[in-house]
Amino acid sequence: MHHDPRRMHTYGPAIDDLADQVLRYALDRVRETPPPLDEPRPATELDARAGTTITPDGLGGAEAMRLWSDVLARACISQDHPRALSFVPSAPTEASVLFDLVVASSAIYAGSWLEGAGAIWAENQALRWVADLAGLPEGAGGCFVQGGSAGNLSALVTARHAARARAAASGERLPHRWSVVASAEAHSSVAAAANVMDVDVIDVPTDPAGRMTGDALAATLERAGTEGVVAVVATAGTTNAGTIDDLAGLADVCDRHELWLHIDGAYGGAAMAAPSTRARFDGVERAHSLVVDPHKWLFAPFDAAALVYREPARARDAHTQRAAYLDVLHEPHEHNVWNASDYAYHLSRRARGLPFWFSLAVYGTDAYRDAVEATLATARAGAELVRACTHTELLLEPELSVVLFRRNGWDAADYRRWSDRMLAEQIALTVPTAWRGEPAMRFCIVNPTTTVADLELILDTMTGPA
Ligand SMILES: *Cc1c(COP(=O)(O)O)cnc(C)c1O
């Protein structure tokens, strides 16, 4: 059967019902507090319940929406549930979610200023707010990328490009191998980036809280040397424990050796907005590059990571793509102000920073400060609860919003059994982790609607056997 080829693109009455359904669904989802937690289902079950969804004639909007809402959505965990406390959850504001619908409907190519000026201008204001939280200088800038992993890779590629250019300019022989320096508590994406780049990782031992200090870095560099070192990766909020590296001490050592300091604040960087924790980030203003994920603790929908460079020109040198059809974007012209594609390893990009920008514009930065403070207060209260319970032991004083603790007497299988039960009974998403080689429990609190009572409810389920 042949159809009018424009029928999927010409808005007409046939789509009105679907528009109502889709917008109603989105609005209901935003309004539902708390949202359903939901849980994964085996592929065989989804096969059986949803069947073949891609067909020559199409299912039609009503049926496709029914499959989504009845079957598939139910098999996706709502990361904004107040008791979704594992990995790093997400708690987008209402304004940010609603504006994501606007971004989706606007067909914006946000790689170049020529095509996406208004979007990039707004994204840059949001990036500037992050840069100001860190105290980075006026010329700092970058772009939004998919996540901390993409941000770390793009920053490290820039750092290597700069190191290579410096070596070439000074007539030095290029090193046999390049390397990045990071602690074992650095995020797994740092090792993944090093793997993609085919560079080595030099490991720096941490203190008992999992913190990399300036002294430890100095000792490591003393031993390993600095030849071929592309960058030092500091973590401002380790994912597993919420520990902030000794940023000022690390910056001193980097200065001494003229090394690039990349600060990975994908999870923790948000706490620069909170007066109660800001001082712990002292030294962050000396970063050459910085990553903060608004989709983690700055209340933006997936996926958005802010990537900011002290000297954005270094990123342009490393990342600008050249091609005949793109040359127009790089000629001197009033339209060529800031091409977001020049600051990471991407080209086409969604204006993924816009929901975050809109939310900041709607609520104001004080609301962000207060919301981050609220999550920190909940984490501190949670740590007190853990300390007060006779069957649990706090493993680390929370520096940010991760509560790391042990259930006395439980082994790895106990944690797993209990964790599976929490999800099966739709109480919480609380998967186990490990600390110093021992199984442990971890609450990561980034949702202002998570209450101390939520934590109490979960802790109560740990009194009995797993
Ligand atoms: C989550 C996280 C990352 C990875 O970020 P994605 O957005 O998941 O790619 C990197 N570094 C740290 C410290 C993180 O917590």
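- With contacts defined as side-chain heavy-atom distances shorter than 4.5 Å, the pair V204/V181 qualifies.
- Atom CZ of R24 is surrounded by 12 or fewer heavy atoms from other residues, nucleotides or ligands within 6.0 Å.
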Query raised in the report: For S78 and R29, what are the C-alpha separation, side-chain angles and deciding distance, and is it a side chain to side chain contact (heavy atoms under 4.5 Å, CB included)?
Result: CA-CA 10 Å; S78 303; R29 175 61 181 80; 3.5 Å; yes
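- Side-chain N/O atoms of H346 and S341 include no donor and acceptor closer than 3.5 Å.
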**Report entry** Trace of the side chain to side chain contact (heavy atoms under 4.5 Å, CB included) decision for K296 with S90
**Finding:** CA-CA 5 Å; K296 283 180 171 170; S90 185; over 6 Å; no
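- The ring of Y368 has its center closer than 6.0 angstrom to the ring center of F299.
- Nearest heavy-atom pair, E123 versus F144, reported as atom, atom and distance to 0.1 Å: O-CE1, 3.4 Å.
- With H187 contributing its side chain and S189 its backbone, the two residues share a donor-acceptor pair below 3.5 Å.
- Put simply, the side chain of R349 gets close to the backbone of A110: a donor and an acceptor are under 3.5 Å apart.
- The distance from the CG atom of L404 to the CZ atom of R436 is 10.0 Å, given to the nearest 0.5 Å.
- Side-chain atoms of R421 never come within 3.5 Å of backbone atoms of I427 as a donor-acceptor pair (strictly under, hydrogens ignored).
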**Report entry** Steps toward side chain to side chain contact (heavy atoms under 4.5 Å, CB included) verdict (F358, L354)
**Finding:** CA-CA 6 Å; F358 184 73; L354 278 187; over 6 Å; no
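- Remark: side-chain polar atoms of S105 are paired, donor with acceptor, to backbone N or O of V102 under 3.5 angstrom.
- Between V157 and M197, the closest side-chain pair of non-hydrogen atoms falls below 4.5 Å.
- For the pair L455/L85, a side-chain contact is recorded, criterion being any heavy-atom separation below 4.5 Å from C-beta on.
- In this structure, F356 and F99 have side chains that are not in contact, with every pair of non-hydrogen atoms separated by 4.5 Å or more.
- Side-chain contact between P40 and L423 is present, with heavy atoms from C-beta onward closer than 4.5 Å.
- Aromatic ring orientation, Y267 versus W297: parallel (interplanar angle below 30°, classes split at 30° and 60°).
- R350 has a carboxylate O that lies under 4.0 Å from a charged side-chain N of D100, or vice versa, which qualifies the two as a salt bridge.
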Report task. Kindly determine whether T430 and S419 satisfy side-chain hydrogen bond (donor to acceptor under 3.5 Å, both in side chains), including the steps that lead there. Result -> CA-CA 6 Å; T430 42; S419 167; 4.9 Å; no
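- A donor-acceptor pair under 3.5 Å links the side-chain atoms of R310 to the main chain of A287, judged by distance alone.
- Between W410 and W418, the ring-plane angle classifies as tilted under the 30° and 60° cut-offs.
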Query - Trace of the side-chain hydrogen bond (donor to acceptor under 3.5 Å, both in side chains) decision for T93 with S96 - result: CA-CA 5 Å; T93 64; S96 71; 3.1 Å; yes
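- Note: S106 OG to L101 CG = 10.0 Å, rounded to the nearest 0.5 Å.
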Query raised in the report: When you look at R128 and D132, which way does the salt bridge (charged side-chain N to carboxylate O under 4.0 Å, His left out) test go after all the steps?
Result: CA-CA 6 Å; R128 188 62 245 174; D132 282 341; 2.8 Å; yes
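- To the nearest 0.5 Å, the span separating NE2 on H288 from CG on L136 amounts to 10.5 Å.
- Within a 6.0 Å radius of CZ in R416, other residues, nucleotides and ligands contribute 12 heavy atoms or fewer.
- Atom CZ of R74 is separated from atom OG of S69 by 7.0 Å, given to the nearest 0.5 angstrom.
- Applying the salt bridge (Lys or Arg N to Asp or Glu O under 4.0 Å) definition to pairs two or more places apart or across chains, none involves residues 141-159.
- Among residue pairs with one or both ends in residues 432-458, those qualifying as ring pair (Phe, Tyr, Trp, His ring centres under 6.0 Å) are F405-F443; sequence neighbours excluded.
- Remark: side-chain polar atoms of S154 are not paired, donor with acceptor, to backbone N or O of A344 under 3.5 angstrom.
- Counting all heavy atoms, side chain and backbone alike, V190 lies closest to A182 at CG1-CB, 4.2 Å.
- In this structure, CD1 on I77 lies 8.0 Å from CD on Q426, to the nearest 0.5 angstrom.
- A salt bridge is absent between D420 and R417: the closest approach of a Lys/Arg side-chain nitrogen to an acidic carboxylate oxygen does not fall below 4.0 angstrom.
- Residues V403 and V386 meet the side-chain proximity criterion, which asks for heavy atoms closer than 4.5 Å.
- The shortest heavy-atom contact between T243 and A209 is OG1-O, 2.8 Å.
- For the salt bridge (Lys or Arg N to Asp or Glu O under 4.0 Å) condition, the pairs that include at least one residue of residues 380-398, sequence neighbours left out, are E384-R387, R387-E397, E393-R406.
- Salt-bridge formation is not detected for the pair R49/D70: no Lys NZ or Arg NE/NH1/NH2 atom is positioned less than 4.0 Å from an Asp or Glu carboxylate oxygen.
- A distance-only check finds no donor-acceptor pair linking the side chain of D293 to the backbone of H295 [under 3.5 Å].
- The salt bridge (Lys or Arg N to Asp or Glu O under 4.0 Å) contacts involving residues 352-361 comprise D303-R352, where partners must be two or more places apart or lie in separate chains.
- Using bins of under 30°, 30° to 60° and over 60° for the plane-to-plane angle, the ring pair Y309/Y343 lands in the tilted bin.
- For CD of Q146, the number of neighbouring non-hydrogen atoms (other residues, nucleotides, ligands) closer than 6.0 Å is 12 at most.
- Closest non-hydrogen pair, W260 versus S289, comes out as NE1-OG, 2.8 Å.
- Heavy atoms only, all atoms of each residue included: I263 and V284 are closest at CD1-CA, 3.7 Å.
- The two residues L360 and A126 make their nearest non-hydrogen contact at CD1-CB, 4.1 Å.
- Judged by distance alone, the side chain of T378 and the main-chain N or O of V452 form no donor-acceptor pair under 3.5 Å.
- Sorted by first and then second residue, the salt bridge (Lys or Arg N to Asp or Glu O under 4.0 Å) pairs involving residues 443-465 (not counting sequence neighbours) are R83-D454.
- In terms of modelled atom types and a separation under 3.5 Å, the side chain of R407 and the main chain of M462 share a donor-acceptor contact.
- For the pairing with T238, the side-chain contact (heavy atoms from CB on, under 4.5 Å) check across R211, M212, E185 returns one residue only, E185.
- In this structure, N447 contributes its side chain and A91 its backbone to no donor-acceptor pair below 3.5 Å.
- Taking CG of N240 as the reference point, atom OG1 of T235 lies at 11.5 Å (rounded to 0.5 Å).
- Under the ring-ring contact (aromatic ring centres under 6.0 Å, His included) criterion, Y345 pairs with no residue at all, not counting sequence neighbours.
- No more than 12 heavy atoms of other residues, nucleotides or ligands sit less than 6.0 Å from atom CD of E94.
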Query raised in the report: Hey, mind stepping through V233 and L156 against side chain to side chain contact (heavy atoms under 4.5 Å, CB included) and telling me if it holds?
Result: CA-CA 9 Å; V233 180; L156 292 174; 3.9 Å; yes
